[in-house]
Amino acid sequence: MTDTAAAPRKLFLLDAFALIYRAHFAFSKNPRINSKGMNTGAILGFTNTLVEVLQKEKPTHIGVAFDGPKKTFRHEQFAAYKAQRQAMPEDIGTALPYIKQIIQAFDIPILILDGFEADDVIGTLAQRAEAHGFEEIYMMTPDKDYCQLVTDRIKIYRPAFMGNAAEILDLDHVLKRFEIERAGQVIDILGLQGDASDNIPGIPGIGEKTAKTLIQKYGSVENLIAHVDELKGKQQENVRNFAEQGLLSKELATIHVNVPLPFEPEALTLSAPDEEKLTALFDELEFRQLAARVLKTAPVRTSATPISPAKGRKNSVPTGAGHQASLFAAPAGITEFVEEDEDAPGAPGGPRRTLAEVPHQYHLIETPRLRQELLEFLLRQTEVSFDTETTGLDTMTARLVGLSFCWRPGEAYYVPVPQDDAAAAQALVDEFRPFLEHAGITKVGQNLKYDLTILKHYGIRIGGPLFDTMLAHYLLEPDMRHNMDVLAETYLHYTPVSITELIGPKGKKQKTMADLPPADVSDYACEDADVTLQLKHVFEPKLQELGLLKLLNDVENPLVPVLADVEYEGIRIDSAAMGEYSAQLQGYITELEQQIYAAAGQEFNIGSPKQLGEVLFDKLGLGGGKIRKTKTGQYATGEEILSVLAPDNPIAGLILEYRQLTKLRSTYVEALPQLVCEADGRVHTSFNQAVTATGRLSSTNPNLQNIPIRTEKGREIRKAFVPRDAGHVLIAADYSQIELRIMADFSQDATMIEAFRNGIDIHSSTASKVFKVPLSEVDSEMRRKAKTVNFGIIYGISAFGLAQRLSISRKEAAEIIDAYFEEFPAVKKFMDASINQAREQEYAETLLGRRRYLRDVNSRNATLRGFAERNAINAPIQGTAADIIKIAMIRIHAWLAAENLGTRMILQVHDELVFDAPKAEVDYVIPRIKELMIGALPLSVPMEVEVGTGQNWLQAH
DNA sequence: AGACTCACG
DNA sequence: ACGTACGTGAGTCTG
């Protein structure tokens, strides 16, 4: 033995592919693209993990294992093994060479062996290291299969992920998690339950929970099979019939620890990285922050470094009283860049940069004379981006702190607003009114609805066309987030000053912009306006290219001031009525509680699904064969389950009623009055224009798009939504069957079109066709079924789904669907064509070209593919309906303003608009509202709109 | 923080 | 063989 007793040896073995894949998908929502257009998410994620482990864990030995290039013995044992796994994403393919180079630059050995997977290599080396007396051995992977190898000294190190801290799984964890006695039994569990992601089949009908129970009892798959006689019913049948498959699955899940690979501790010894190589690689990849962390050279301003106003800003213009030389002396069109700090690299086209590294001229404008000068410049522009700084995010309470403007990239102006003097603040805002209300100047902004609302409180109605970069990006990437900082990173390779850097972290003593000297806010505010303008210049050509610019300019951008007004108006809530109803509900609830406790024979927390499940199924033994478990192993106690039990078990019905009433109480009756604005007695929801994947709006804080209507006790709540005063009434206008009409138009199905043209009730018409009876003989049961079928059609129907909804057999459901497609052949054709088109384009689109990307539509995973296929049908329909009502809203809003009417639009609920109207205007506005809704986007079938009025929202229906 | 349940179109 | 209707947001319990 040459080894001397020295410091403990600590070995880390990394599962490269598992870490790379996870890193890649972690960035899939907001990909990291560098200036060469390369997706570097996988590389960055992997390297971060590697660096973290090196710095925090300080291993003495380390190696990175890759899967061997050839098929493994597992593929030969089982043809389907990993068969459905997607081909490696292209981005990972291009990332691999970089990752290998980075590993080499760290002088870490790459472990790879033909015909073996990384887990076999890692397992083998881990055990040999243990035999060599290594004190600590960590297998670095997110993969649970490795649990089988864990011993006292071999542990799993799960790297930090999505906000979760890194986690070490030791033997104790593994035994507890799988409820087993030896780590080796993990493969028995996996053999029984299978692993969908690797196509390891397991035994049908056995999931995580059952597998644990069986292995606890029998110890191994083999022993279970030997005692198959002791099992009951379907389970016995399955274990018997699929015994071999279970054994094979166990074999596939087994990590082989006898890979022919020498164990050479010297080769695994950690040594110093090749800094030169790393610098070059990080430079090429534009990993700036990482380079700073790893290489400790080239100081970079990180987010932890505050901006120091004391240091003085070379780039800001002094604004002392004696310094009144014109700021705007430079001829228009020429921007003079001030010399940079010498430590700022700022190479164009280089890695992500920050304010300190980029040439800019940001000016703080604090005197009347300079403001006047700024205004004159603003009025000469055709397009200006602007941003408001305020004391908070709640538009009803936030006060203006300052305004920033930018019309040329790199050059921006910040105007602070006087604090603690409302009149002076108003006067300052009024100075800029000629610009803000100017109809000829395009206003660019990020989430303009917010700025519009703030300025509305100062009596400003923004004029001119709008361009909202948030909405521009929403159309480009509807299912991503549209946060400005991320957009700047992705599209401008620029890291803006974070708000936290400025006002500190969230906490009880949260500062606001108003607590800072204007000079501190200036750079931040100017940067926002600057970045926003630059984003506009990136997005506009992209939108043009994809045919989305018209949708943005004609629909999304013009909708912004409409929504701002709708939110600003709000809807009045009768809080007193809510209070009374709350007491009434509480009475019912208390009574139900007592009945439930009596039926259960004990008191328990009915609101806890866990306790409820135990009482119902363990204690009372309800359900017989109908018990279902959720994926976390709890009893499922959802509506579906309980309503099946209810006829035979009164307690189930009581619980359903209890659930309904407590939901009404907590979500609506108790919550809504608390959100009433003191100033006007109304609730002001926020409509989010950039969250749904299909183009719909969503409503939050409170959500006014899910106010109850389907049940009698729920409907009561609508009675508390009332007109603003005795002189007003509510008007509710609903599109009737808008989605089915769109389906009729898209498919051009003759039968469906005819029904709509003749004004026949569409569900009865469908029933008559599907059940092959004359229209007059359609009964309510047939109509109900046909209605469900019609909904199913819009959602991308499946026999299983329809069967569930109608509580009929799958066979019966399939027959109904067949009959439907026979009667409506064009619908079937349209659905097939939609899927085919989506397969080709990898996106679906609405009538106005709004896209929804559906990458999974070509997946080999049937579940994912099915999901995407149903979206290929649903997204264009739901999205077109959303487009239509948005157009109607814009036109109605414009008309009400043009006619100077007192009627106000106050809500949108997907296919419904609600108005608060002076009684005297009702008869005048209703026909025109109807007309504008019907005519928003003419289809080949007529649109119908139902309108009602009332003293509350329920009556108006 | 995530799972569960349930309110709406 | 599998898991399934489409799209949301909020309150509650639990780890």
Side-chain angles (χ1 to χ4, degrees), chain A residues 80 84 162-164 194 196 199 201-205 242 245 478-479 605-613 630-642 655-656 659-668 670-672 675 685-688 691-711 713-715 717-718 734-735 737-739 788-789 791-806 810 813 817 844 852 861-879 881-882 885 908-912:
Chain A
Q84 94 301 1
M162 302 274 286
N164 291 336
N199 246 15
I203 290 183
F242 294 94
Q245 186 173 303
D479 46 17
N605 185 348
I606 310 169
S608 159
K610 187 173 139 80
Q611 291 184 37
L612 178 65
T630 65
K631 59 184 159 193
T632 48
Q634 310 245 324
Y635 292 112
T637 65
E639 206 265 339
E640 278 160 63
I641 310 267
L642 295 187
I655 288 161
L656 284 172
R659 283 242 181 96
Q660 194 206 351
L661 299 188
T662 50
K663 172 87 175 178
L664 294 179
R665 184 190 55 183
S666 64
T667 308
Y668 304 103
E670 295 288 320
L672 285 173
L675 290 163
T685 184
S686 304
F687 285 105
N688 200 327
V691 291
T692 72
T694 53
R696 276 186 175 184
L697 302 178
S698 82
S699 157
T700 57
N701 205 353
N703 181 354
L704 295 185
Q705 291 183 321
N706 73 344
I707 302 302
I709 194 168
R710 293 176 184 168
T711 66
K713 288 202 172 66
R715 276 195 287 277
I717 290 165
R718 293 211 168 203
D734 284 62
Y735 280 109
Q737 308 300 346
I738 186 170
E739 294 188 341
T788 310
V789 173
F791 274 110
I793 290 298
I794 292 164
Y795 297 152
I797 201 159
S798 74
F800 180 91
L802 185 65
Q804 278 230 305
R805 299 273 152 158
L806 289 177
R810 204 182 307 191
I817 293 171
R852 175 165 187 187
N861 178 325
T863 307
L864 290 179
R865 191 177 59 243
F867 190 68
E869 286 172 355
R870 291 192 294 276
N871 275 319
I873 294 160
N874 178 262
I877 295 174
Q878 191 181 119
I885 198 167
Q908 189 253 44
V909 193
H910 310 308
D911 62 358
E912 170 186 6

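So that the names make sense, note that chain A is the first sequence line, chain B the second, and so on, each numbered from 1.
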*Asks:* Base, sugar-phosphate, or nothing for A/Glu912, non-hydrogen atoms under 4.0 angstrom?
*Replies:* nothing
*Asks:* Report which part of the nucleic acid A/Ile794 touches: base, sugar-phosphate, or nothing (heavy-atom distance under 4.0 Å, all strands).
*Replies:* nothing
*Asks:* By the 4.0 Å heavy-atom rule, please label A/Ile709 as base, sugar-phosphate, or nothing.
*Replies:* sugar-phosphate
*Asks:* I'd like to know if the side chain of A/Arg718 reaches the main chain of A/Ile707, judged simply by a donor and an acceptor atom lying under 3.5 Å from each other, with no hydrogens or angles considered.
*Replies:* yes
*Asks:* Does A/Ser698 place a side-chain N or O at less than 4.0 Å from the phosphate oxygens OP1/OP2 of C/dG9?
*Replies:* yes
*Asks:* Taking any heavy-atom pair under 4.0 Å as a contact, classify A/Ser686: base, sugar-phosphate, or nothing.
*Replies:* nothing
*Asks:* Under 4.0 Å, counting only non-hydrogen atoms across every strand here, what does A/Asn703 touch: a base, just sugar-phosphate, or nothing?
*Replies:* sugar-phosphate
*Asks:* For the side chain of A/Arg665 and the base of C/dG11, is some donor closer than 3.5 Å to an acceptor across the two?
*Replies:* no
*Asks:* For C/dC6, does OP1 or OP2 lie under 4.0 Å from any side-chain N or O of A/Arg870?
*Replies:* yes
*Asks:* Taking only side-chain N and O atoms of A/Arg710, does any of them lie within less than 4.0 angstrom of OP1 or OP2 on B/dG9?
*Replies:* yes
*Asks:* Would you say B/dT5 has OP1 or OP2 under 4.0 Å from some side-chain N or O of A/Arg659?
*Replies:* no
*Asks:* Identify whether any heavy atom of A/Ala799 sits under 4.0 Å from a base atom; if not, whether one sits that close to sugar-phosphate; answer base, sugar-phosphate or nothing.
*Replies:* nothing
*Asks:* OP1 or OP2 of B/dT5 versus the side-chain N and O atoms of A/Thr637: is any pair under 4.0 Å?
*Replies:* yes
*Asks:* What nucleic acid atoms does A/Glu739 come within less than 4.0 Å of, heavy atoms only: base, sugar-phosphate, or nothing?
*Replies:* nothing
*Asks:* May I ask you to evaluate whether A/Arg852 reaches the phosphate of C/dG7, defined as a side-chain N or O under 4.0 Å from OP1 or OP2?
*Replies:* yes
*Asks:* Determine the Euclidean distance between corresponding P atoms of B/dT5 and C/dT4; express it in Å to zero decimal places.
*Replies:* 14 Å
